[in-house]
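These notes concern the structure reproduced below.
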Amino acid sequence: MSRPDTALALPRRGLTLPLLKLLAFSALGVFLFFVDLEIGGRRTIPVDHISSYLVREQRSLAVVFVLALMAWGAFAPFVTGTFGQSITTRVFSVVKLTGLALATLYLTGLAPDLASQKDMLPFLFEKLALSVGVLIPIGALALTFLVGFGLLELVGVLMERVMRPLFRTPGYSAIDAVTSFVGSYSIGLLVTNAMYLQGKYTVREAMVIATGFSTVSATFMIVVAKTLGLMEHWTFFFWASFVVTFAVTAITAYLPPIAGMDDRRRTPDEVDPGQPVGPRWRQALQAGVARYQSRDPLPKMLWAHLKDGLQMSAVVTPSILAVGFAGLCLAKFTPVFDWIGVLLKPALWVAGALLGLDNATAASGAFASGLAEMFLPAILLKDAEFLLRFLVALVSISTVLFLSGCVPCILATRIPVKFRDLLVIWLLRSVLSIVLGAISLRVGLALGWLVLPA
């Protein structure tokens with residue numbers, strides 16, 4: 001009598017060589033994103049070394065490249081005729097045009113004095129838009145090796161048994177969740193929307209994934225870490241962000257409004273392909289090898305990821321300038337974020353007590369500014385003390401939702417969700433992220449994984 005996993009089994013020789021190639025290509029992706037190297041007195045990951053070299057040593061070329069991307073992002077909706085598709089499209093088209101205009105004013109020296117202050121347009125363009133515009137395409141190419149050769153599928157199968165009890169999602173959503181976290185939120189949401197439309201997710205399951213894992217990309221995390229001076233602690237920052245984000249998602253999956261969303265499956269006879277057949281480790285190897293064997297040719301994958309990176313850069317760079325400038329003006333000249341930040345003060349008081357921060361609650365407005373744009377808290381607190389900078393970096397990633405990018409993308413999907421529900425989820429995620437982020441920092445310090453700078 002044959003074993004249950006016979007149908008899925010691969011011949012030993014047919015498994016070994018593809019598995020070795022899978023591990024080799026994936027190891028390159030891990031190296032590019034997670035191995036710190038010291039070059040020229042700077043210790044950071046290879047992806048950051050490459051992009052920093054281009055921005056620093058080839059600045060004129062980098063400026064022309066980023067300005068061209070911004071122009072493409074700003075004018076594409078009018079050229080392709082997508083400008084009038086929805087209110088969201090119209091609003092973001094105006095935002096991107098505004099960002100392009102601000103970049104032009106800054107580069108030509110015609111910006112007014114208010115906008116020319118060193119912590120306004122100069123900071124937004126030089127430290128964020130320029131870095132992001134170069135970093136995202138390079139990061140997208142490197143991401144090919146991390147996600148294109150079967151590593152995520154292999155890891156995803158090993159995670160299946162925790163997905164249902166922790167996140168209330170099917171086993172196969174592990175791949176979607178990890179891809180959404182490591183890749184860009186826009187690509188992650190495209191995958192989630194497609195899964196929902198195919199009937200593989202209920203409304204509740206789709207919202208857990210969309211609001212819980214579709215955060216900024218790994219390359220964006222680098223920009224946040226660079227802005228806050230945390231690149232020397234990149235490995236701890238990445239994994240702490242990963243753990244805090246997933247922990248917050250596990251909690252919010254059991255809280256309203258997500259807990260009360262429709263959980264009726266439109267395809268009740270659907271069989272969860274995550275059901276175990278044979279040993280879990282063998283399923284993981286087979287899933288990884290199957291993905292490796294069904295992959296596109298490497299040049300095609302690199303080109304596809306580069307196109308995604310260029311498109312994302314073209315949308316994000318002008319938005320950073322426009323939304324970032326508006327957010328900085330609101331933060332400097334109005335009490336809007338201070339009012340919203342009142343809701344975060346209790347959580348920041350707890351965080352301050354855990355980390356020994358006397359002024360944590362005073363930063364509530366800066367934390368609240370993340371609702372507008374996830375970069376704003378990093379900009380506003382770039383000169384704060386080390387642990388507060390580290391906390392705001394974790395919270396910026398873990399809250400997931402922000403009005404300049406992720407929220408409009410969610411509203412543009414076919415998943416039925418109300419804007420007010422997204423605001424409630426943002427508040428819940430912010431409060432939980434602050435507390436759990438503080439706990440993770442406390443643990444990191446206690447175990448020696450994180451060392452305070454001298």
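Quick caveat, the model's predicted, so the values are computed rather than measured.
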- Message: Can you tell me how far apart CG (L401) and CG (L427) are? Round to the nearest 0.5 Å.
- Response: 11.0 Å
- Message: Is any side-chain heavy atom of Y196 closer than 4.5 Å to one of V203?
- Response: yes
- Query: Can you check side chain to side chain contact (heavy atoms under 4.5 Å, CB included) on F123 and T227, steps first, answer last?
  - Reply: CA-CA 10 Å; F123 178 79; T227 302; 3.8 Å; yes
- Task: Please answer whether the main-chain N or O of L394 pairs with a side-chain N or O of S398 as donor and acceptor at a distance below 3.5 Å.
- Result: no
- Message: Does R295 qualify as a cation-pi partner of Y292, given the criterion of NZ or CZ under 6.0 Å from the six-membered ring centre and within 45 degrees of its axis?
- Response: yes
- Query: Roughly how far, to the nearest 0.5 Å, is CG of L348 from CG of L343?
  - Reply: 11.5 Å
- Message: Per the side-chain hydrogen bond (donor to acceptor under 3.5 Å, both in side chains) rule, what does the pair list look like for residues 338-363, sequence neighbours excluded?
- Response: K345-S364
- With the side chain counted from C-beta on, respond yes when L391 and V395 share a heavy-atom pair under 4.5 Å apart, and no when they do not. yes
- Note on the structure: In short, T245 meets V400 closest at the heavy-atom pair CG2-CG2, 4.4 Å
- Message: Which heavy atom of P257 sits nearest to which heavy atom of I425, and what is that distance?
- Response: CG-CG1, 3.8 Å
- Query: Is there side-chain contact between M163 and R168, with heavy atoms separated by less than 4.5 Å?
  - Reply: no
- Note on the structure: Between S369 and A366 the two heavy atoms that sit nearest each other are OG-O, 2.5 Å
- Task: Please report the C-alpha distance between T169 and R204 in whole Å, then the side-chain angles of each, then the deciding distance to 0.1 Å, and finally whether the side-chain hydrogen bond (donor to acceptor under 3.5 Å, both in side chains) criterion is met.
- Result: CA-CA 9 Å; T169 57; R204 188 179 73 188; over 6 Å; no
- Task: Decide side chain to side chain contact (heavy atoms under 4.5 Å, CB included) for E126 and V55; before the verdict, give the C-alpha distance in whole Å, the side-chain angles of both, and the deciding distance to 0.1 Å.
- Result: CA-CA 9 Å; E126 300 291 345; V55 170; over 6 Å; no
- Provide the closest heavy-atom pair for F390 versus L450 in the form atom of the first, atom of the second, distance. CE1-CD1, 3.4 Å
- Going through the distances and angles, do R429 and T249 end up as a side chain to side chain contact (heavy atoms under 4.5 Å, CB included)? CA-CA 8 Å; R429 292 193 67 88; T249 299; 3.1 Å; yes
- In terms of heavy-atom contacts, does CD of E232 have more than 12 from other residues, nucleotides or ligands at under 6.0 Å? no
All N/O donor-acceptor pairs, side-chain side in residues 133-151, below 3.5 Å, sequence neighbours left out:
unit_1	atom_1	unit_2	atom_2	d
T144	OG1	L141	O	3.0
T144	OG1	H305	ND1	3.3

- So F367 and L380, side chain to side chain contact (heavy atoms under 4.5 Å, CB included) or not? Walk me through it. CA-CA 9 Å; F367 276 78; L380 297 173; over 6 Å; no
Side-chain donor/acceptor pairs under 3.5 Å, residues 436-449, sequence neighbours excluded:
unit_1	atom_1	unit_2	atom_2	d
S440	OG	G437	O	2.7
R442	NH1	L354	O	3.0

- Task: Anything under 30° is parallel, anything over 60° is perpendicular, the rest tilted; go ahead and classify F242 against F246.
- Result: parallel
- Is there a donor-acceptor contact under 3.5 Å from the side chain of S241 to the main chain of I397? no
- Message: Any heavy-atom pair between the side chains of D263 and Y201 that's under 4.5 Å?
- Response: no
- CG of L121 to CG of L321, rounded to nearest 0.5 Å, is 6.5 Å
- Closest contact, heavy atoms only, M70 versus T317: CG-OG1, 3.3 Å
- Item | Non-hydrogen side-chain atoms of L124 and L328 separated by less than 4.5 Å | yes
- Query: Would the Y106 and F125 ring centres measure less than 6.0 Å apart?
  - Reply: yes
- Within a strict 4.5 Å, meaning less than it, do heavy atoms of the T235 and W239 side chains meet? yes
- Could you give the distance from CG (L387) to CG (L452), rounded to the nearest 0.5 Å? 5.0 Å
- Query: Which distance, rounded to the nearest 0.5 Å, do you find between the CG of L69 and the CG of L67?
  - Reply: 9.5 Å
- Note on the structure: Output for pair (H49 NE2, L32 CG), nearest 0.5 Å, gives 11.5 Å
- Query: Using the benzene-type ring in the case of Trp, are the ring centres of F375 and F402 under 6.0 Å apart?
  - Reply: no
- Message: Testing the basics here: between P256 and L428, what is the closest heavy-atom pair and its distance to 0.1 Å?
- Response: O-CD1, 3.3 Å
- Task: Answer whether the closest heavy-atom distance between the side chains of L371 and L376 falls below 4.5 Å.
- Result: no
- Kindly indicate, with the supporting measurements, whether the criterion side-chain hydrogen bond (donor to acceptor under 3.5 Å, both in side chains) is fulfilled by K226 and S52. CA-CA 10 Å; K226 288 180 64 177; S52 294; 3.1 Å; yes
- Message: Is any side-chain heavy atom of F167 closer than 4.5 Å to one of E205?
- Response: no
- What do the steps show when you test F238 against H233 for ring-ring contact (aromatic ring centres under 6.0 Å, His included), and what is the final call? CA-CA 9 Å; F238 178 88; H233 311 277; over 10 Å; no
